[in-house]
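Note that this is a predicted model, so its numbers are computed, not measured. Residue numbering restarts at 1 for every chain, and letters A, B, ... go by the order of the sequence lines.
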Number of protein chains: 2
Amino acid sequence: MSQRHTAVPAELRSRADADALIDAGYCPIPPREILDTIGGKWAIQLIVASARGPMRFTELERLIEGISRRMLTLTLRHLERDGLLKRTVYPTVPPKVEYEATPMALELYEAMLVLTNWSRRHSACVARSREDYDARQAS
Amino acid sequence: MSQRHTAVPAELRSRADADALIDAGYCPIPPREILDTIGGKWAIQLIVASARGPMRFTELERLIEGISRRMLTLTLRHLERDGLLKRTVYPTVPPKVEYEATPMALELYEAMLVLTNWSRRHSACVARSREDYDARQAS
DNA sequence: CTGTATCCTAGCAGATACTG
DNA sequence: CAGTATCTGCTAGGATACAG
């Protein structure tokens, strides 16, 4: 696997920029692998919640509003499997388990910020577009 | 809604950075809305494919390997509804329809690049983590 | 406290056939 | 060419109950 690695431009503003990128060999398609992990309903919230330090199972359950015990367990297991969360068990009675975001997961933060930023700038536009579209369908 | 908008740091490298960000009011959780649109199996590929200029239905069908006609239509409709693709119908016989990414969609490129970049740097690590995890389960 | 185990449902997605 | 219609399976995710 060749290490073709140029600096990533700050932002795309025109179709010409897009062309240039594609010609330069950029394939801006994140692997399914990543979209599947962070695309889940709770994954990102869990990463964020455990980014500041160890969090216990019940803490997370209380913090993440609306999550079921089942999905909490499932998502934690997936994230642990992918190396995004570290799980630590203290063999006490009652049991104590802590989850903490790994450095790799913290770096995902940046990507989240870019997405969030995009959404902040365009959510109104998306909403308007949807209204228009739905109105056109109704007519 | 207050416009609390500071420059976004290039990358997070430590928990302290994460702390600082959260304290600064950043909520790095992209709305479900965005993850639901781009999280789909074909959405990103379609945006990329139509980023360089107008693309016809059949062109896309040939280009995107493995997509069914049904999913192509469905995803195109969703993206059009969200204002990420512009659909143009030429009332000719036979009919001709073109799809083209909007400027808003082109900006999503940047976010894709960041995600792809993260994945490029860490996919090996994720794969190893999974192997380890699965091996531990087997034992 | 930290989970499993079951059952259930809605929606994503594939396959196939039909149409203006 | 550019779709729609229908049937079907699969999996994410919720509700609830149980367990070490």
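In this structure, the CG atom of B/L74 is 14 Å from the P atom of D/dT6, given to the nearest Å. If you measure from atom CD of A/E65 to atom C1' of D/dG14, you get 16 Å, rounded to the nearest angstrom. One can place CE of B/M71 at 13 Å from P of D/dT4, the figure rounded to the nearest angstrom. Regarding B/K96, its NZ atom lies at a distance of 13 Å from the P atom of D/dG3, rounded to whole Å. D/dA12 atom C1' lies 15 Å from atom CG of A/L72, rounded to whole Å. Look at CD on B/E59: it is 11 Å from P on D/dC1, rounded to the nearest Å. One interatomic measurement links the two molecules: NE2 of A/H78 to P of D/dT11, which rounds to 12 Å at whole-angstrom precision. Between the OH atom of B/Y99 and the P atom of D/dA2 there is a distance of 8 Å, rounded to whole Å.
Atom CH2 of B/W42 is separated from atom OG1 of B/T75 by 8.5 Å, given to the nearest 0.5 angstrom. The CD atom of B/Q45 lies 11.0 Å from the CG atom of B/L72; values are rounded to the nearest 0.5 Å.
Over its full length, the helix from C/dC1-D/dG20 to C/dG20-D/dC1 turns its helical axis through 40°, comparing axes from the five pairs at each end and rounding to 10°.
Under 4.0 angstrom from either OP1 or OP2 of D/dT11 there lies no side-chain N or O belonging to A/R70.
Contacts between chain A and DNA chain C, taken as any atom within less than 4.0 angstrom of a protein heavy atom, begin and end at C/dC1 to C/dT6.
Contact detail for A/A49 and A/L60: the closest heavy-atom pair is CB-CD2, 3.8 Å. Heavy-atom minimum distance, A/S50 versus A/L46: OG-O, 2.8 Å. The minimum heavy-atom distance between A/R56 and A/P95, with the atom names listed, is NH2-O, 3.7 Å.
Considering B/E59, B/E61, B/M55 in turn, B/E61 is the only one that fulfils the side-chain contact (heavy atoms from CB on, under 4.5 Å) rule with B/F57.
Base engagement by B/T73 is indicated by at least one non-hydrogen atom pair under 4.0 Å involving a base atom. Among the atoms of the strands shown, none is found under 4.0 Å from any heavy atom of B/Y90.
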Query raised in the report: Checking side chain to side chain donor-acceptor pair (under 3.5 Å) for the pair A/E80/A/Y99: CA distance, chi angles, key distance, verdict?
Result: CA-CA 9 Å; A/E80 186 198 357; A/Y99 295 90; 5.9 Å; no

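Note on B/M104 and B/I34: same hydrophobic cluster, where clusters join Ile, Leu, Val, Met, Phe, Trp and Tyr whose side-chain heavy atoms are under 4.5 Å apart, directly or indirectly. If you chain together hydrophobic residues whose side chains sit under 4.5 Å apart, A/L74 and A/L35 fall into the same group.
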